[in-house]
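To start, the structure under review is shown below, and the notes come after it.
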There are 2 protein chains.
Amino acid sequence: MGRAQFAPGDFLDAARSLAAEHGPAAVTVDAVTRRLDAPKGSFYYRFASRDLLLGELWLATVLAYQEGFVAAIEAGDGLAAALHMPAWVRRNREAARLLLLYSRHDFVQGKWPAALKRGVADQAQRFMASLERFAHSAFGGSDADAVRRAQFVLADVPMAAIRPHLQRRESPPPLVDELIRATYHAIVGGGAAPQTASSSSIASTRSG
Amino acid sequence: MGRAQFAPGDFLDAARSLAAEHGPAAVTVDAVTRRLDAPKGSFYYRFASRDLLLGELWLATVLAYQEGFVAAIEAGDGLAAALHMPAWVRRNREAARLLLLYSRHDFVQGKWPAALKRGVADQAQRFMASLERFAHSAFGGSDADAVRRAQFVLADVPMAAIRPHLQRRESPPPLVDELIRATYHAIVGGGAAPQTASSSSIASTRSG
DNA sequence: GAGAGTCTAGACTATATAGTCTATAACTTA
DNA sequence: TAAGTTATAGACTATATAGTCTAGACTCTC
């Protein structure tokens, strides 16, 4: 069969669905090929190993998210960077579950080739650079504490706000953005804080 | 061998260490018994299955954490409940890794007996009751949004602040408490907020 | 249309792991 | 000390899964 019936992307798509539905452990080669009704040989013709499939899936997912994040930071808009997470999650529900419900190590525990390794390292490095850049502009320094603060408002808090909803397979409601925004202003301060720390106002903003 | 060489707790301890070090997937029956130099028979004499071991480990871990949390809520001190997480994590590093780095489903995917099932359900119910109680006192209601806010400040944010440090196998530094506190005051407001939303003060509080 | 290259097809192998089963050693109690 | 109880001991089975291998079907080019 000289004409390909399956593209590499088909296997990645199937893997993404399976991982989003039942976790990365459910992404067995048999499960993936069964879902596509493809023979095993066709899988291994394209991917050297299951580890590689999962590694590529993870990297693609992280990069897809990070693109908008880095852009926002480079535009000097920290709040937009923080709010990029819920926005992206709403548009990419399956990928979002991979990114927020599991860790890198659930995907890439094994040995991967240099190319993938470099890809992941580059990604981490670009992300850290963004955090440092933001830390510098928001907290006046790039020491460990300032970077940690940046990570907190730009990544940890958005994840924390969204995760429970993904766990219940819901789309993150608007309340999530509000919580991220309020936290952002509390930690970063300044800017266009719509209200002061007195927060009964926050609590009642979006209840209906 | 009429006198027991191993207590059930020995297997739980070994399982906890393994899970903390390499994740719950590394808690195989072989790995556990190898670590204790115990025969397989001795394991299955005490635990009906691997699932049961992991289930009991998870439940014990959650309950150990929750005790202090619920007590703080019942004492009417929301901030103490939020700060209980970093305090508990510092005292229970291994258990903390289970609780914060993995999800319930990594431990209890299989079938468990009614007793365990009830234990987990009870635990979840007590936790929700605490959240509702706090939501009522802090946000004046127990509707879904108010409970979600409660979960955010009391559970999600503390987890988010701590998780990166556990991932690096560090003890959570004091900065973590500060971030939790600042977020708490931003969302809950009122109370004894030590500073207003202008946060250059927060940023410089604990840099040295 | 012959030959080369591409991809499908799926049986087969190797290995890790959960769980079973039988024998027996070490205690306990009458 | 005999009988009964409790636990150790580890070989064995069953199953899931990653990965290999060979045959051959399809397509494209000359």
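Per chain, numbering begins at 1; letters A, B, ... match sequence-line order.
Side-chain to base pairing of A:Lys40 with D:dA18: one donor and one acceptor N or O lie within less than 3.5 Å of each other.
In this structure, the CZ atom of B:Phe47 is 16 Å from the C1' atom of C:dA18, given to the nearest Å. What separates CZ of B:Arg34 from P of C:dA16 is a distance of 10 Å, to the nearest Å. Between B:Arg50 atom CZ and D:dA14 atom P there is a gap of 22 Å when expressed in whole angstrom units. The distance from atom OH of A:Tyr44 to atom C1' of C:dT8 is 16 Å, rounded to the nearest whole Å. Look at CG on A:Leu54: it is 13 Å from C1' on D:dT17, rounded to the nearest Å. Between the C1' atom of C:dT13 and the CG atom of A:Asp30 lies a distance of 14 Å, rounded to the nearest Å. One interatomic measurement links the two molecules: CG of A:Asp51 to P of D:dG19, which rounds to 6 Å at whole-angstrom precision. If you measure from atom CD of B:Gln5 to atom C1' of C:dC27, you get 12 Å, rounded to the nearest angstrom.
Salt bridge status for B:Asp177 with B:Arg90: present, with a side-chain N to carboxylate O gap under 4.0 Å.
Between A:Trp88 and A:Tyr65, the angle of the ring planes goes over 60°, which puts this pair in the perpendicular group of the 30/60° scheme.
Between the A:Arg97 side chain and the A:Arg16 main chain, no donor and acceptor come within less than 3.5 Å of each other.
Across D:dT8, C:dA9, D:dG19, the shortest atom-to-atom separation from the side chain of A:Ser49 is found for D:dG19. Out of D:dA18, D:dT6, C:dA9, the shortest distance to the side chain of B:Tyr45 is found at D:dT6. For A:Arg46, the side-chain atoms get nearest to C:dT8 when compared with the rest of D:dA18, D:dA9, C:dT8.
Contact annotation: the side chain of B:Asp51 never approaches that of B:Val108 to less than 4.5 Å [non-hydrogen atoms, C-beta and beyond].
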